[in-house]
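Everything on this sheet refers to the single structure shown next.
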Amino acid sequence: MVTTDEKGPLTAKKKSVIIRSCDGDEFLVSESAAVLSTSLKKILEEKEDRLIHLSDIDNKTLAMVIAYLSTHADDGLSDDLKRSFDQEFVSGKEFDVLKYLVLATDTLQVTCLCYTVAKKMADIMKNKLVEWVRREFDIQNDYTPEAEAEIRRLDAWAWDDRQLEDD
Amino acid sequence: MRWASKNPIGILVKPTRASSSSKKRIKETPIDRLSALPDSLLIRILSNLRMQEAAMTCVLSKRWQFLWTDLPRLEFRESSHRTEKTREFVAWVHRTLVISSGNHLEKLEMMYCNSSLTRLTLQGCIMAPRTTIDWKSLTKLDLSCVELRQHVVENILSSCPVLISLSLMEFWGFNCLEAHSQSLGELIIRYWKDWNSESLLEISAPNLHYLEVSLYAIGRKLRLTNISSLVDAYINFDDFDGDASRPVNMMSYMKELLENLQHVKKLELGLGSVGIFPNLEELVIEGVIDDSYEGYPTCSPKGDLNCDLLHLKTVDIRCFADDRLDGEPMLTLVQLLLKRARVLRKMVIVDENESIGSDVYFKIAQTLLSYPRSSRNAVVLVS
């Protein structure tokens with residue numbers, strides 16, 4: 001548990017680990033929070049080392065994941081409170097931020113958050129025109145116009161009766 | 001809220017080069033903000049969309065073309081009765097299933113209200129129709145590797161009024177098949193895979209004229225009742241289902257089974273049936289030839305036995321050759337037994353069929369005696 005109101009993090013009786021991001025920032029995290037990540041749990045089981053270096057997660061993303069883990073490891077919080085934390089956690093975040101989060105939570109195997117983030121990303125795409133998705137996510141259309149027309153014709157069934165937004 | 005009063009971010013103990021760290025993100029300037037993610041994550045995102053919407057992503061770019069077909073849940077729904085729509089739908093489902101790797105598939109659902117279906121083939125699924133089946137035009141149904149509960153089988157059989165042919169392979173979930181439909185003439189059952197030991201599969205089908213059953217003999221029994229229209233039957237008992245420890249006890253019901261089949265005009269017994277009696281010491285095979293039948297009851301050996309018969313000492317074969325078939329099926333059977341019976345002492349072949357000409361008979365006997373024998377002490381008598 002990461003707390004500032006107990007005896008101070010560095011002297012806390014509960015075991016802590018240090019997690020370092022790919023850009024070198026180090027975070028002190030309670031072990032109870034770290035083990036909510038299946039990957040971190042495995043690392044901790046395998047080696048004594050209290051310093052874990054994550055070579056592909058940047059500091060901002062890591063800070064967010066740790067915030068999530070710490071909140072979920074806090075026994076003092078009710079499940080309802082944790083759920084509303086989750087909703088607030090993903091709301092208002094930019095798509096790029098969510099992308100790094102979904103990658104990080106997949107790597108760290110924080111399954112629950114990974115699904116929450118993936119769902120949020122899907123919500124952003126929901127009811128949007130193909131053109132909107134392409135534009136918003138800079139997806140390069142590498143089909144020839146003929147090929148695209150053919151795909152649209154073949155999968156016409158999927159296009160049925162749809163009301164889509166382009167804004 | 002309580003977490004807000006804390007520092008939930010964890011304690012940043014060693015901020016490094018704070019000014020530059022935030023810019024050092026991986027994939028700094030991704031050309032494509034979404035496509036850079038691995039397939040598994042893109043599929044995870046897409047699985048939150050309605051399937052139709054997820055399917056539309058195929059048009060985004062080539063990277064996306066087939067991605068959605070690996071969704072864990074594929075749910076196809078179509079309720080239109082317009083022929084054109086139906087054709088489009090069927091073609092679309094077909095294309096999707098051909099493309100889909102199925103690696104991640106957890107659920108496949110097809111809501112398809114169409115009573116003009118005439119042939120249906122399904123493999124590797126659990127048949128659990130949510131609504132009443134209504135396959136008014138279905139004539140041929142092939143199911144393999146399927147779980148079929150008793151009530152589902154009953155539902156299917158009672159909802160396919162013109163079903164002619166039913167084929168079930170590697171299935172489990174029921175043990176009684178009652179097909180009283182006027183139309184069902186052909187039934188093929190291969191490898192009923194129920195787990196219970198000493199399971200009994202009962203088949204009752206009064207209008208059936210062709211029946212093929214292959215069963216693992218170990219721990220499974222077959223009962224045929226009410227099969228009065230049956231003309232042609234092929235029954236095969238296989239001895240291996242990965243569990244050789246369970247005893248084979250077939251004799252007790254074999255007689256009943258064969259009695260129920262006595263009216264058929266053509267009966268083929270799979271030779272696995274002999275292979276499952278490795279301890280057999282004496283074997284008597286009697287062919288009944290009755291000219292009142294249009295054809296002859298025959299036992300056509302096919303293939304080979306999959307084990308040696310280590311105890312078989314005496315074989316007695318009576319009235320078993322058909323001159324119109326040049327001595328078959330007896331010849332093949334004798335050949336197999338001579339090859340597999342390691343300690344055979346005596347084989348007596350008696351054929352009282354007077355219709356066989358002496359020259360034909362002599363030729364058959366010569367062939368018989370020329371077969372290689374694995375038992376050095378075997379005596380073969382032909383009379």
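A, B, ... follow the sequence lines: proteins, then strands. Residue 1 opens every chain.
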Within the side chain of B/Asn48, is there an N or O that forms a donor-acceptor pair under 3.5 Å with the backbone of A/Ala122? no
Donor-acceptor check, side chain of B/Glu53 to backbone of A/Asn127, threshold 3.5 angstrom: yes or no? yes
[X] atom [atom1]: more than 12 heavy-atom contacts under 6.0 Å:
{"X": "A/Lys93", "atom1": "NZ", "answer": "yes"}
{"X": "A/Arg50", "atom1": "CZ", "answer": "yes"}
{"X": "B/Lys140", "atom1": "NZ", "answer": "yes"}
{"X": "B/Gln182", "atom1": "CD", "answer": "no"}
{"X": "B/Tyr210", "atom1": "OH", "answer": "yes"}

So, taking the atom named CZ in B/Arg63 and the one named CD in A/Gln140, what distance separates them when rounded to the nearest 0.5 Å? 14.5 Å
Hey, what do you get for OG (B/Ser61) to CZ (A/Phe137), rounding to the nearest 0.5 Å? 13.0 Å
For the pair A/Leu103 and B/Leu37, evaluate side chain to side chain contact (heavy atoms under 4.5 Å, CB included) and give the outcome as yes or no after the intermediate values. CA-CA 7 Å; A/Leu103 268 170; B/Leu37 290 174; 3.4 Å; yes
Heavy-atom nearest pair, A/Met125 first then B/Ile45, reads SD-CG2, 4.1 Å
Closest contact, heavy atoms only, A/Asp142 versus B/Lys62: OD1-N, 2.8 Å
Test item: [X] and [Y] side chains (from C-beta on) under 4.5 Å apart, heavy atoms:
{"X": "A/Asn141", "Y": "B/Leu60", "value": "no"}
{"X": "B/Leu41", "Y": "A/Met121", "value": "no"}
{"X": "B/Arg44", "Y": "A/Cys114", "value": "yes"}

